[in-house]
Amino acid sequence: MTTKYRITVILPCYNECENLTPLLEQLKEELEPLKIAWEVLIIDDGSTDETANLLDQLQLKMNNLRSISFSRNFGKEAAISAGLDFVNTDAAILMDADLQHPASLIPEMIQYWQKGVQVVYGVRCSRLTEPAWRRISAYLFYKLVGKISDGPDIPANAGDFRLLDAKVIQAIRELPERSRFMKGLFAWVGYKQKAIEFEVPEAVNIASKFSLRSLWHLGLTGVTSISSLPLKIWSYLGSIIALISLIYASFIVIQTLIYGRDAPGYASLMVAVLFLGGLQLISLGVLGEYLARVFEETKKRPLYLVDQFRGFHDQDVNNDND
Ligand code: UDP
Ligand code: MG
């Protein structure tokens with residue numbers, strides 16, 4: 001292999017202080033023998049632990065390290081976007097900083113990339129180390145999203161562990177939307193993609209930084225950013241219900257004509273009113289969900305704010321993140 005390739009490893013970090021040092025060791029072990037030029041770009045997503053101090057120290061020791069600290073926690077999707085904004089090499093590898101993504105997979109990713117594959121993504125072959133509710137909800141989510149997606153399918157179990165060619169990075173940078181569901185965007189851009197399987201290393205602490213609430217929001221962003229079906233379904237459902245009530249109305253008219261006036265049907269009336277009221281509220285809620293996202297987009301706020309750059313030269317920092 002020659003040294004003409006340059007690769008950046010992007011690490012989004014939220015309170016990963018104790019994992020960073022071992023991870024950087026692993027990266028060195030895997031990348032040094034490949035004889036390529038490589039650097040690490042760490043995005044500190046408003047960590048509240050010692051991450052910022054550690055980054056200051058690491059900066060003095062490593063000459064192939066750059067890092068960014070956000071002004072607060074903006075979330076992993078924003079951290080990944082920032083990473084991609086500041087990459088200036090031929091390819092980038094995105095990986096979690098919590099040691100769940102084995103660095104030993106990187107040489108294989110790079111091999112595929114050198115053969116011309118533009119996106120090499122890791123797929124977890126088993127999620128057994130995760131709690132059952134997360135496995136099941138992830139499974140159902142990808143099934144649902146796969147069914148209703150307006151664009152290409154999102155591969156199930158594919159995480160954010162992936163190698164991206166510079167062309168793909170450029171394509172993603174040019175996507176203007178603010179509400180970002182990275183997995184959806186990665187699938188949407190296309191290019192030559194290849195999946196490779198990996199096992200989450202066993203000794204690793206698998207506690208997730210995502211609360212149930214943030215997973216729910218990510219899920220909603222996922223659905224609303226890749227599909228407009230939830231918006232369209234209500235007119236069909238409404239037409240079906242209107243048709244049924246028309247049939248029912250003619251049934252009542254005929255019944256009254258033949259048998260005379262019947263005792264009023266309190267129960268059926270209540271059920272119909274409550275059912276339709278519920279449906280209307282749901283459809284309003286769905287509209288609100290999309291409208292809120294349109295509102296977010298029109299505000300045109302930046303995806304993240306940077307408090308501190310380390311190891312950057314002026315021309316890198318001026319890279320605008322529109
Ligand atoms: N992360 C981040 N910002 C957040 C939450 C997480 O940058 O608000 C980072 C985190 O430090 C880790 C990666 O995203 O490197 C994956 O997070 P986590 O392990 O919590 O997610 P999971 O493995 O459950 O998908
Ligand atoms: Mg994790």
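As the structure lists them, so they are numbered: ligands from 1, and atoms in each ligand from 1.
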Enquirer: For E30, enumerate each residue passing the salt bridge (Lys or Arg N to Asp or Glu O under 4.0 Å) test, keeping only those at least two apart in sequence or located in another chain.
Expert: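 Salt bridge (Lys or Arg N to Asp or Glu O under 4.0 Å) check on E30 returns nothing, list empty.
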Enquirer: Which one holds for D45 and ligand 1: side chain close, backbone close, both close, or neither close, with close meaning a heavy atom under 4.0 Å?
Expert: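 Side chain only.
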Enquirer: Which of the atoms of ligand 1 are close to C13, meaning less than 4.0 Å from one of its heavy atoms?
Expert: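 Counting atoms of ligand 1 from 1, those under 4.0 Å from C13 are 7 (O), 11 (O).
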Enquirer: Would one find an N or O of A79, backbone or side chain, under 3.5 Å from an N or O of ligand 1?
Expert: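 N/O-N/O distance below 3.5 Å does not exist for this pair.
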Enquirer: Is the backbone of D49 close enough, under 3.5 Å, to the side chain of S47 for a donor and an acceptor to pair up by distance?
Expert: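 Not at all, since once roles are kept as given, no pair shorter than 3.5 Å links the two residues.
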Enquirer: Do the side chain of D44 and the main chain of I68 share a donor and acceptor less than 3.5 angstrom apart?
Expert: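 Checking the backbone N and O of I68 against the side chain of D44, no donor-acceptor pair under 3.5 Å is found.
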Enquirer: My understanding is that we take every heavy atom of each candidate and find the minimum distance to atom 23 (O) of ligand 1. Doing that for K76, E16, Q100, H101, which one comes out nearest?
Expert: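 Result: the heavy atom closest to atom 23 (O) of ligand 1 is in Q100.
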Enquirer: How are the rings of Y248 and F251 set relative to one another: parallel (under 30°), tilted (30 to 60°) or perpendicular (over 60°)?
Expert: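 Correct class here is parallel.
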Enquirer: Which of the numbered atoms in ligand 1 are below 4.0 angstrom from a heavy atom of P12?
Expert: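 Going through ligand 1 atom by atom, the ones under 4.0 Å from P12 are 7 (O), 9 (C), 10 (C), 11 (O), 12 (C), 15 (O).
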Enquirer: With a 6.0 Å cut-off (strictly less than), is the heavy-atom count around CZ of F275, excluding the residue itself, greater than 12?
Expert: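 No, CZ of F275 has 12 or fewer neighbouring heavy atoms, counting only those of other groups under 6.0 Å.
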Enquirer: At under 4.0 Å between heavy atoms, which part of N73 makes contact with ligand 1: side chain, backbone, both or neither?
Expert: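 Within the 4.0 Å criterion, N73 contacts ligand 1 through side-chain atoms alone.
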Enquirer: To make sure I understand the geometry: which N, O or S atom in D98 is closest to the Mg ion (ligand 2)?
Expert: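 Looking only at N, O and S atoms of D98, the one nearest the Mg ion (ligand 2) is named OD2.
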Enquirer: So, 2.8 Å as the limit: is an N/O/S atom of D96 located closer than that to the Mg ion (ligand 2)?
Expert: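 Short answer: no, not a single N, O or S atom is under the cut-off.
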Enquirer: With sequence neighbours excluded, give me every side-chain hydrogen bond (donor to acceptor under 3.5 Å, both in side chains) pair touching residues 55-64.
Expert: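 Pairs touching residues 55-64 that pass the test: D56-R310.
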